[in-house]
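Start at 1 and go down the list; that is how both ligands and their atoms are numbered.
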Amino acid sequence: MKSIPKVDLHVHLEGTITPEMVMRLAARNKIPVPPGLVKAGRFAWKGDGTATGELTAFLKSYDGATSVMKGAADYTDITYDFLKRSADEGCIYAEITISADHGAMVGLTYPEMVKAIAAGCKKAKNETGIEARLISSCVRHFGPEGALMVGKLTHDYPHPLVTAFGMAGDENAYTPADFKPAFDVSGLPFRTAHAGEAAGPDSIRAVSSTLKTRRFGHMVRAIESPALLKELKAIDAVPEVCVSSNLALKVFQDYASHPLRQFFDAGLKVTLGSDDPSFFNTSIGREYQIAQEHFGFSDAELRQVSKNAVEEAFVDDATRCQLLARLGETP
Ligand SMILES: [Zn+2]
């Protein structure tokens, strides 16, 4: 498994913070660890078994973990730690979703946050060769005004590693059209948005038609509509599939009901992501392993998943050629 080059197209930076890192940062920043956050070395969030309950519990844990962060060095360390662990599993490229809103909570301006994250990317690349790009993302439930501010910051403080604009957060808040100004003002050529995870097929259609995305965070609930699946195939849609996340948050109850295999067999350009790996007890290596063990993906099919991801990665042509070469593919 380690020899298969892997690509992680969907991962939130703060979701990669490990329980060990929480302890380290809490000690360094002299901030107490929220009681009950970590048990037996794991984040101990537990909801009531419903999708809403699990999401609420997860978000509380996520906020608890990030509450120990204080400054730029923390962002650098978290980024490096995540990329190093990913590279150790054979990951050659990761696209990390970053949030100006979270940076502000830690007390950093957007350019300070990006600089700190980029330092972590550089250190990991120098040591392991792993390539990384950043998706500046707005948070849907913080509202269109807040999103517009993130779009403006992204535009006003460009960085070579920030190549895309994205949208995360509650899929049921507002409408995608409310966020079009934020995407447009960012000025970035690449875009992706969460859709079809907490909300159903209509959320995917709305995001696709108004924000003109071909890549979608999750998109898994497209399985509820055969007509939508056809439309998505027609635009060569790219689902960023995060199986462990979907199961942990009860979007699907088990592997058997998860549409990963159906998406792949339908010819959709399936890619994999670890989403919030530390909270879902996973990693990009584990997601590839799950695809093999529970969805019957052959080594060749997993290589195809990596190729899909590189072809749809938010990078320039030269980087894409280099990444394809690392997959053993001629561009
Ligand atoms: Zn996500």
Side-chain angles (χ1 to χ4, degrees), residues 7-17 43 45 47 51-52 54-63 65-66 78-79 82 86 91 93-103 117 132-142 147 150 164-173 176 179 182-183 190-200 203-204 207-208 211 213-222 237-252 258-260 263 270-284 286-287 290 309 312-314:
V7 179
D8 192 344
L9 285 195
H10 188 118
V11 58
H12 302 263
L13 182 57
E14 294 84 3
T16 71
I17 185 169
F43 291 119
W45 62 280
T52 314
E54 295 302 317
L55 184 64
T56 307
F58 155 64
L59 289 175
K60 189 167 175 253
S61 179
Y62 191 94
D63 288 345
T66 52
I78 290 166
T79 307
F82 163 67
S86 300
C91 183
Y93 177 73
E95 222 157 64
I96 305 171
T97 291
I98 62 169
S99 162
D101 295 300
H102 273 102
I117 295 168
R133 292 294 181 275
L134 308 173
I135 302 170
S136 176
S137 183
C138 61
V139 180
R140 190 160 162 171
H141 54 266
F142 290 171
V150 178
F165 196 74
M167 181 165 71
D170 184 356
E171 290 172 16
N172 292 304
F179 299 91
F183 276 80
F190 298 122
R191 39 179 71 180
T192 178
H194 284 60
E197 179 199 20
S203 74
I204 302 167
V207 160
S208 168
L211 301 179
T213 50
R214 274 181 52 245
R215 261 180 60 178
F216 300 88
H218 300 289
M219 204 186 97
V220 281
R221 287 187 57 191
V238 180
E240 304 158 6
V241 181
C242 312
V243 175
S244 293
S245 164
N246 295 158
L247 264 57
L249 296 178
K250 309 285 183 209
V251 180
F252 296 96
H258 192 284
L260 173 63
F263 275 14
V270 166
T271 68
L272 291 175
S274 60
D275 208 7
D276 299 291
S278 297
F279 295 86
F280 305 140
N281 298 313
T282 193
S283 64
I284 193 59
R286 172 103 184 102
E287 293 303 295
I290 286 170
E312 299 298 336
F314 296 147

So, at under 2.8 Å, which protein N, O or S atoms would a careful student list around the Zn ion (ligand 1)? H10 NE2, H12 NE2, H194 NE2, D275 OD1
In a check of ring-ring contact (aromatic ring centres under 6.0 Å, His included) between F165 and each of F183, F314, F190, which one passes?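 That would be F183.
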Any non-hydrogen side-chain atom of H194 less than 4.5 Å from a side-chain atom of S203? no
Would you please name every residue forming a side chain to side chain donor-acceptor pair (under 3.5 Å) with R133, sequence neighbours left out?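 So R133 forms a side chain to side chain donor-acceptor pair (under 3.5 Å) with E131, T319.
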Do the charged groups of E240 and R215 touch, with an N to O distance under 4.0 Å?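 Looking at R215 together with E240, the answer is yes, because their closest N to O distance falls below 4.0 Å.
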Quick one: does S274's side chain have a donor or acceptor within less than 3.5 Å of a partner on P277's backbone? no
Step by step, would you call N246 with H218 a side chain to side chain contact (heavy atoms under 4.5 Å, CB included)? CA-CA 8 Å; N246 295 158; H218 300 289; 3.4 Å; yes
